[in-house]
Amino acid sequence: IIPHFGRGLIVEVLGDTAFQKLDGHAALGFIGPVKKEDERRNVDEPVVSRSRLGWTSMAMDGIITNGLQIRRELIEQGAIFSSHADVEIIAHLMARSSAKSVQEAIESVQPALYGNFSLAIMTLQEIYAVRATCQSPRLWVGKLIDGAQVISSTPAALLRVSAEQLRELGRREMLVL
């Protein structure tokens with residue numbers, strides 16, 4: 001997993017040449033609202049981490065309402081955070097779970113998280129799309145011309161990459177691509 005960070009469209013961040021040279025079978029991007037306070041804090045997503053479960057890259061849309069409390073508890077237990085992004089809390093909880101797979105870890109940490117959020121997690125093998133509640137930001141599944149599946153928080157983004165819109169994820173649904 002090779003992270004690239006920057007503000008703007010992917011071709012603006014990487015440049016046309018670097019974008020064309022990207023190699024791999026999967027990608028995870030994050031486009032979220034940039035607030036004034038985010039300019040002063042490190043909230044870049046996706047968050048890339050490595051644990052006993054392997055490499056993960058995570059991005060979320062929404063908020064974990066008990067995130068500050070969980071973050072404080074994790075810090076008291078010795079966790080080190082490199083950003084203010086709520087998704088980093090999920091990475092820590094998953095790494096500390098006794099789960100034997102990423103999917104089990106996602107399922108095991110969900111009950112501890114309150115709020116309205118949707119989550120995308122990429123590993124070296126799979127991408128997981130998770131919608132927490134019915135009030136959570138929506139996640140849509142689409143299909144590219146070559147048959148590859150994609151997820152997006154907006155149907156408009158699916159249209160932008162010429163993907164056919166297949167369906168919206170339901171409440172507390174997890175999809176593995």
Side-chain angles (χ1 to χ4, degrees), residues 1-34 44-62 64 85-88 90-91 93-95 97 99-110 113 115-177:
I1 295 178
I2 302 168
H4 296 275
F5 298 101
R7 304 258 188 245
L9 299 174
I10 190 165
V11 291
E12 294 169 350
V13 172
L14 297 177
D16 286 327
T17 313
F19 180 71
Q20 296 301 325
K21 290 181 182 178
L22 287 177
D23 187 25
H25 68 282
L28 178 64
F30 172 76
I31 301 172
V34 177
D44 285 335
E45 292 185 39
V47 168
V48 178
S49 63
R50 184 177 178 201
S51 72
R52 64 180 179 71
L53 297 170
W55 285 98
T56 58
S57 179
M58 302 182 193
M60 67 173 271
D61 186 10
I64 301 172
D86 277 355
V87 73
E88 195 174 2
I90 298 171
L93 292 174
M94 286 176 57
S97 79
K100 293 184 179 16
S101 70
V102 171
Q103 185 169 345
E104 287 178 17
I106 295 167
E107 292 167 349
S108 73
V109 303
Q110 276 190 304
L113 304 170
N116 296 314
F117 60 92
S118 293
L119 176 67
I121 300 175
M122 183 179 76
T123 69
L124 296 177
Q125 295 81 28
E126 298 163 317
I127 294 180
Y128 300 84
V130 181
R131 185 172 177 201
T133 66
C134 58
Q135 291 86 20
S136 294
R138 297 172 154 190
L139 278 180
W140 299 88
V141 181
K143 185 169 70 172
L144 297 173
I145 294 169
D146 66 3
Q149 288 187 312
V150 293
I151 56 169
S152 174
S153 59
T154 66
L158 295 175
L159 291 172
R160 182 78 170 111
V161 296
S162 302
E164 174 189 354
Q165 182 179 317
L166 298 178
R167 68 183 186 88
E168 179 182 357
L169 261 68
R171 176 182 180 270
R172 295 220 177 265
E173 181 179 357
M174 178 175 13
L175 177 68
V176 183
L177 305 177

Atom [atom1] in [X], atom [atom2] in [Y]: separation rounded to 0.5 Å?
X: M122; Y: T56; atom1: CE; atom2: OG1; result: 9.0 Å
X: M94; Y: I90; atom1: CE; atom2: CD1; result: 8.5 Å
X: I151; Y: L175; atom1: CD1; atom2: CG; result: 7.5 Å
X: E107; Y: R172; atom1: CD; atom2: CZ; result: 12.0 Å
X: E88; Y: M60; atom1: CD; atom2: CE; result: 12.5 Å
X: I121; Y: I127; atom1: CD1; atom2: CD1; result: 11.0 Å

Using a 3.5 Å cut-off and no angle test, enumerate the donor-acceptor pairs between side-chain atoms of residues 138-146 and protein atoms at least two apart in sequence or in another chain.
residue : atom : partner : partner atom : Å
R138    : NE   : E168    : OE2          : 3.1
D146    : OD1  : A148    : N            : 2.9

May I ask you to decide if [Y]'s main-chain N or O and [X]'s side chain share a donor-acceptor pair within less than 3.5 Å?
X: S152; Y: P155; value: no
X: D86; Y: I64; value: yes
X: R131; Y: L169; value: yes
X: S118; Y: P137; value: yes

Which residues share a side-chain contact (heavy atoms from CB on, under 4.5 Å) with S97, sequence neighbours left out: R52, A99, A105, S108
Could you tell me which non-hydrogen atom of [X] sits nearest to which non-hydrogen atom of [Y], and how far apart they are?
X: V48; Y: S57; result: CG2-OG, 3.9 Å
X: L53; Y: K100; result: CD2-C, 4.1 Å
X: S153; Y: D61; result: CB-OD2, 4.1 Å

One pair to check against side chain to side chain contact (heavy atoms under 4.5 Å, CB included): E126 and V102. What are the steps and the verdict? CA-CA 10 Å; E126 298 163 317; V102 171; over 6 Å; no
Close side-chain approach of T123 and Y128, heavy atoms under 4.5 Å: yes
